[in-house]
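As a basis for the values below, the full set of heavy atoms in this structure was taken, side chains included, without hydrogen atoms, waters or symmetry mates. Both counts, for ligands and for their atoms, begin at 1 and track the order of listing. For the single chain, residues carry numbers from 1 onward in sequence order.
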Amino acid sequence: MTTTAPGVDDGALDLLRAAVRGRVLTPADADWGAAHLPWNVAVPQRPVAVVEVADAADVAAAVRWAREHGHAVTAQPRGHGATTALDGAVLLRTAALDEVWVDVEARVARVGAGVRWGEFLPALDGTGLVAMVGSNPDVSMVGYLLGGGFSWFGRAHGYAAHGLRAAEVVDAEGTLRWVTDESDPDLMWALRGGGGDLAIVTRVEIDLHPAAGLVGGSMTFPIQDARAVWGAFLEASRSAPRELTLWSSLMHFPDVPFLPEPIRGRSFVTVASTFLGSVEEAERLLAPIRAAGTVLDGRVAEVPIGRVGEVAAEPTEPTPSIDWAMLLSDLDAGTLDRLIEVAGDRDRTALVAVQLRHLGGAFAEGPDGDRAAGAVADRISEPFLVWALGIPMVPELVGPIQGSLAALEAAVAPEATGRTPLTLLPGGEDLGRVFDDASLARLRALKASRDPSAVIRGNHPLLEA
Ligand SMILES: Cc1cc2nc3c(=O)[nH]c(=O)nc-3n(C[C@H](O)[C@H](O)[C@H](O)COP(=O)(O)OP(=O)(O)OC[C@H]3O[C@@H](n4cnc5c(N)ncnc54)[C@H](O)[C@@H]3O)c2cc1C
């Protein structure tokens, strides 16, 4: 066997190249680095080949090829959810699946599997409609929806995946088909939050939501105000209407030359918010938080939906990251104090951000009656989520970041339910942290019946390797 890609013989690769219109790359190619590296460059994933699919027919051809040659196929549009669980698989890059179609009157959109939130949302500017975007515009819509999708507007409309109306998929047989609640209720239930292990999705049809307005912004305070600001954040979240979403963070910016001087090497507490309504009403709701400390920067204004990514202002360039998230059954002053103690002092933590997200509202309810098949990402009863991020710019930072995450986990232990939404679950973690026993058993039974030889592999495989 001659090979330019360990694990695949060149004859089989030639057949793959002949079967698809898009580029097929292996470690022998000069472009291999850029082609196979994920957004989270800290994950050393090792696919055997990359296919830059040209269209949905290429996806089907790649799956049929993998089936015939005993390989696995995985779609990775961006790689925010990179894991080594993808090692040995053929990686499909979906950027060319770039369809964006919006029907404003029917409040429906169709998007291809390569479309990022930041590429889609400007199509809604001026329509009075919003879609269920999360904090980061660089994330692919399909990858996010398959994981359930934890949106700014989840308090008003629940998991983003509840808005999944239909999907075009390639199944493990390599057949391209359009699925709906009527044609394949089991698969639709699983696609609404069960991850990418059951089918390669080539496009989706989603709900859009009317909004009375969209206001967003972030208030920044000195880190010394953390106790007062978090106290006010907690108080405001207790009475917040569903249209208001509050996320508050402790931020420690590293002392590196590429950061602007006002933030470089400094620490802050921030409260980022969106409100589906007027600026006046948003300001009224935010006033007690604004009054809790010294506002260094406090712009809250109308935002076009196309620019909602600026509210959280997260990095969009490839970034090495180690993150961790946990749902909390409650939050009180004692927990806030413990969190500030372990993560509020930059000399004591290697984390760059520790964020509290207020949930509740429609998150605590299941999908509405329009979704006959239901959703495996059903509801979140916990009212808060804590999420933390470390950026290991050098390998020596990995240990300290893990140590800081362990301290954080200990700080929230009394309120931690052990549960995490799938999009925020680190690779290799137990799916029992996401799904209840019955849902996980149903997902696994579906995988075993539809794809027993695991031709399709998501970043959280349902069956043991
Ligand atoms: C800075 C940052 C902020 C984030 N904020 C949020 C947030 O606010 N809310 C939230 O819910 N999540 C959030 N996430 C998590 C993010 O939604 C997930 O990482 C998600 O997997 C999508 O990222 P991606 O497009 O890079 O997917 P990738 O990492 O490229 O893919 C992840 C997995 O999705 C599946 N998948 C993707 N496309 C397909 C497809 N076409 N067919 C079948 N399976 C597919 C595969 O299993 C794949 O391994 C955030 C992540 C980061 C790094």
Side-chain angles (χ1 to χ4, degrees), residues 37-43 45 47 53 56 59 62-63 72-86 89 91-95 97 111-119 132-154 159-161 167-172 187 190-191 193-204 245 247 272 274 308-309 311-323 325 352-353 355 357 359 363 377 380 385 387-389 391 420-427 456-462:
L37 282 176
W39 181 88
N40 182 357
V41 287
V43 178
Q45 60 181 21
V53 296
V59 175
V63 171
V73 176
T74 189
Q76 187 180 72
R78 301 296 300 155
H80 292 81
T83 80
T84 50
L86 307 182
L91 206 66
L92 305 184
R93 295 291 191 207
T94 55
L97 306 183
V111 293
V115 178
R116 291 180 261 168
W117 278 107
E119 294 166 331
M132 298 295 286
V133 60
S135 57
N136 196 306
D138 191 59
V139 160
S140 78
M141 295 175 70
V142 166
Y144 166 96
L145 287 162
L146 289 173
F150 218 73
S151 170
W152 275 115
F153 314 123
Y159 266 123
E168 185 185 71
V169 304
V170 172
D171 62 22
L187 186 59
L191 293 180
D197 208 50
L198 285 154
I200 305 291
V201 175
T202 48
R203 59 180 166 153
V204 291
T245 296
W247 297 347
T274 60
V308 76
V311 175
E314 291 176 347
T316 51
E317 294 302 311
T319 306
S321 54
I322 300 177
D323 63 345
V352 296
Q355 185 175 75
R357 291 191 181 190
L359 311 175
F363 270 125
I380 304 176
L385 173 115
W387 176 78
L389 175 71
I391 300 187
T420 302
L422 186 62
T423 44
L424 302 183
L425 187 74
I456 291 170
R457 192 190 302 165
N459 56 347
H460 295 288
L462 291 166

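Using a 4.0 Å cut-off to heavy atoms of Ala75, the atoms of ligand 1 that qualify are 36 (N), 37 (C), 39 (C), 40 (C), 41 (N), 42 (N), 45 (C), 46 (C), 48 (C), 49 (O). Which parts of ligand 1 touch Phe150 is read off a 4.0 Å heavy-atom cut-off, strictly below it: atoms 7 (C), 8 (O), 9 (N), 10 (C), 11 (O). When each atom of ligand 1 is checked for a heavy atom of Trp39 under 4.0 Å away, the hits are 53 (C). Which parts of ligand 1 touch Gly458 is read off a 4.0 Å heavy-atom cut-off, strictly below it: atoms 47 (O). Atoms of ligand 1 found under 4.0 Å from any heavy atom of Gly149, numbered from 1 in the order shown, are 11 (O). Set against the non-hydrogen atoms of Gly79, the atoms of ligand 1 under 4.0 Å away are 26 (O), 28 (P), 29 (O), 30 (O). Close approach to Ala113 involves these atoms of ligand 1, each under 4.0 Å from a residue heavy atom: 41 (N).
Nearest to atom 22 (C) of ligand 1 by heavy-atom distance, out of Thr423, Val139, Val142, Leu191, is Val139. Between atom 7 (C) of ligand 1 and the options His80, Arg357, Arg457, the minimum heavy-atom separation is to Arg357. The option with the heavy atom closest to atom 13 (C) of ligand 1, from among Leu424, Asn136, Ile456, Val170, is Leu424. For atom 6 (C) of ligand 1, the nearest non-hydrogen atom from the set Ser135, Gly134, Gly148 belongs to Ser135.
By the 4.0 Å heavy-atom criterion, Ala199 is counted among the residues contacting ligand 1. In this structure, Pro77 has a heavy atom closer than 4.0 Å to ligand 1. Using a 4.0 Å cutoff on heavy atoms, Gly147 does not count as a contact of ligand 1. Within the 4.0 Å heavy-atom shell around ligand 1 one does not find Thr94. In this structure, Met132 does not count as a contact residue of ligand 1, since none of its heavy atoms falls inside 4.0 Å of the ligand.
At the top of the distance list for atom 34 (O) of ligand 1, counting protein heavy atoms only, stands Gly143 CA, 3.9 Å. Considering only non-hydrogen protein atoms, atom 41 (N) of ligand 1 sits nearest to Val201 O, 2.8 Å. When only non-hydrogen protein atoms are considered, atom 35 (C) of ligand 1 lies nearest to Gly196 CA, 4.0 Å. Protein heavy atom nearest atom 45 (C) of ligand 1, with residue, atom name and distance: Leu146 CD1, 3.4 Å. The protein heavy atom nearest to atom 29 (O) of ligand 1 is Gly81 N, 2.7 Å.
Formation of a donor-acceptor pair under 3.5 Å by the Thr245 side chain with backbone atoms of Phe153 is not found in this model. For the pair Arg93 (side chain) and Gln76 (backbone), a donor-acceptor distance under 3.5 Å is present. Judged purely by atom type and a 3.5 angstrom limit, Tyr144 uses its side chain to pair as donor or acceptor with the backbone of Gly134. With hydrogens and angles ignored, the 3.5 Å screen pairs a side-chain donor or acceptor of Trp39 with a backbone N or O of Glu317. A donor-acceptor pair is defined here as one N or O able to donate and one able to accept, closer than 3.5 Å; no such pair exists between the side chain of Thr319 and the backbone of Ser321. Put simply, the side chain of Thr94 gets close to the backbone of Ala113: a donor and an acceptor are under 3.5 Å apart.
The shortest distance between side-chain heavy atoms of Ser140 and Val115 does not fall below 4.5 Å. Between Leu359 and Phe150, some side-chain heavy-atom pair lies under the 4.5 Å cut-off. Side-chain contact check for Val204 versus Met141: every heavy-atom pair is 4.5 Å or farther apart. In this structure, the side chains of Val73 and Val170 stay at 4.5 Å or more apart for every pair of heavy atoms. In this structure, the side chains of Leu424 and Leu385 come closer than 4.5 Å at one or more pairs of heavy atoms. Between Arg457 and Asp197 there is a side-chain heavy-atom pair separated by less than 4.5 Å.
Contacts between Thr202 and ligand 1, counted as non-hydrogen atom pairs separated by less than 4.0 Å, are absent for every part of the residue. Contacts between Glu314 and ligand 1 below 4.0 angstrom, taking non-hydrogen atoms only, involve the side chain exclusively. Under 4.0 angstrom from ligand 1, there are no non-hydrogen atoms of Gln355.
On a distance-only criterion, Asn459 and ligand 1 share at least one N/O pair closer than 3.5 Å. Backbone and side-chain nitrogen or oxygen atoms of Asp197 are examined, and none is located within less than 3.5 angstrom of a nitrogen or oxygen of ligand 1.
Between the side chains of Trp117 and Asn136, no donor-acceptor pair is found at a separation under 3.5 Å.
Here the CH2-CZ distance, from Trp152 to Arg357, works out to 7.0 Å after rounding to the nearest 0.5 Å. Distance check: Leu462 CG to Ile456 CD1 gives 11.5 Å after rounding to the nearest 0.5 Å.
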